[in-house]
Peer 1: 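First, the structure itself, so that you have it in front of you.
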Amino acid sequence: MRIRNLFFALLAVFALHATRLPAAEKSPAPDTEPPKVTPGQNGAPPSDAIVLFDGNDLSKWVNDKGGAADWTVNDGVVTVSGTNQMFTKQAFGDCQLHVEWASPNPPKGKGQARGNSGIYFQSRYEVQVLDSWDNPTYFNGQAGSIYKQYPPLVNACRQPGEWQTYDIIFHAPRFADDGKVLSPARVTLLHNGVLVLDDVKIKGLTHFDKAPTHYVKHNLKEPLRLQNHHSAVRFRNIWIREL
Ligand code: MG
């Protein structure tokens, strides 16, 4: 009888852990056929991607106050302008994101003032965008860093004015009802096809002036934010896949 109780107790523990695993960690059954996806040609989005910016308009985005996004769109490119940030209308959790960006050329300013923008997953966790070509700054603030948390493994930056790619795998954090972190957010980043962040665990909210100290519970899905740091950084071909 005792052994049977122990067996059920263990079963309950396993079941609890299984339900706490993020959905993406659960492999499909081996006899399930994976869905077909048509890959994009020459950097175009794959068939199951949500296109966030296709070069035409900012209809998928809003500004800080929920109004129309107001950065400048020209020749298939959106350029940081004005004073607003940009947020996606749609909220996202676990995802794969593709972004192309270019630093202003000729470059202006030094360090954090040169070609600064950023991609904030869930509006909170910043993957830094910076002109890190011949532009020293603190390592966990250069291009390809998780700002104030992780420097990139290598500096894969191209010269200012040249188009660069970020391909990012993001796993959202999971919280218990009381706000305790069940699993932290995780990020993998390929910068121009080069691995620069390898499944790093986010330590908490991004602060501009210090390392993160804590998380604050939020929804499983939250909007993506592009940072306005008053540099005329250009973006194009932004698409995302929900995982
Ligand atoms: Mg930034």
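Every number for a ligand or one of its atoms is a count from 1 in the order of the listing. Bear in mind the structure is a predicted one, so any value in this text is a computation, not a measurement.
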Peer 1: When rounded to the nearest 0.5 angstrom, what is the spacing between CD in Glu126 and CD in Gln149?
Peer 2: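 Answer for the CD-CD pair, Glu126 versus Gln149, is 10.0 Å.
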Peer 1: Taking side-chain contact (heavy atoms from CB on, under 4.5 Å) as the criterion, tell me which of Glu242, Arg241, Gln122, Glu222 meets it with Phe92.
Peer 2: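 Answer after filtering Glu242, Arg241, Gln122, Glu222: Glu242.
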Peer 1: Measuring from the Mg ion (ligand 1), name the closest N, O or S atom belonging to Glu126.
Peer 2: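 Looking at Glu126, the N, O or S atom with the least distance to the Mg ion (ligand 1) is OE2.
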Peer 1: Checking Arg174 against Asp94 for the salt bridge (Lys or Arg N to Asp or Glu O under 4.0 Å) test, could you report, in this order, the C-alpha distance in whole Å, the side-chain angles of both residues, the deciding distance, and whether it holds?
Peer 2: CA-CA 11 Å; Arg174 265 62 173 177; Asp94 300 339; 2.9 Å; yes
Peer 1: State, to the nearest 10 degrees, the angle whose vertex is the Mg ion (ligand 1) and whose arms point to O of Ser117 and OD1 of Asn116.
Peer 2: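 Taking the Mg ion (ligand 1) as the apex, the two atoms subtend 80°.
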Peer 1: Suppose we only count N/O/S atoms under 2.8 Å; would Gln112 qualify as near the Mg ion (ligand 1)?
Peer 2: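 It does not: Gln112 brings no N, O or S atom closer than 2.8 Å to the Mg ion (ligand 1).
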Peer 1: Would you check if the Mg ion (ligand 1) lies under 2.8 Å from any N, O or S atom of Tyr147?
Peer 2: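 Coordinating: no.
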Peer 1: For the residue pair His191 and Tyr166, is the inter-centroid distance of their aromatic rings smaller than 6.0 Å?
Peer 2: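 Yes, the ring of His191 comes within the 6.0 Å limit of the ring of Tyr166, centre to centre.
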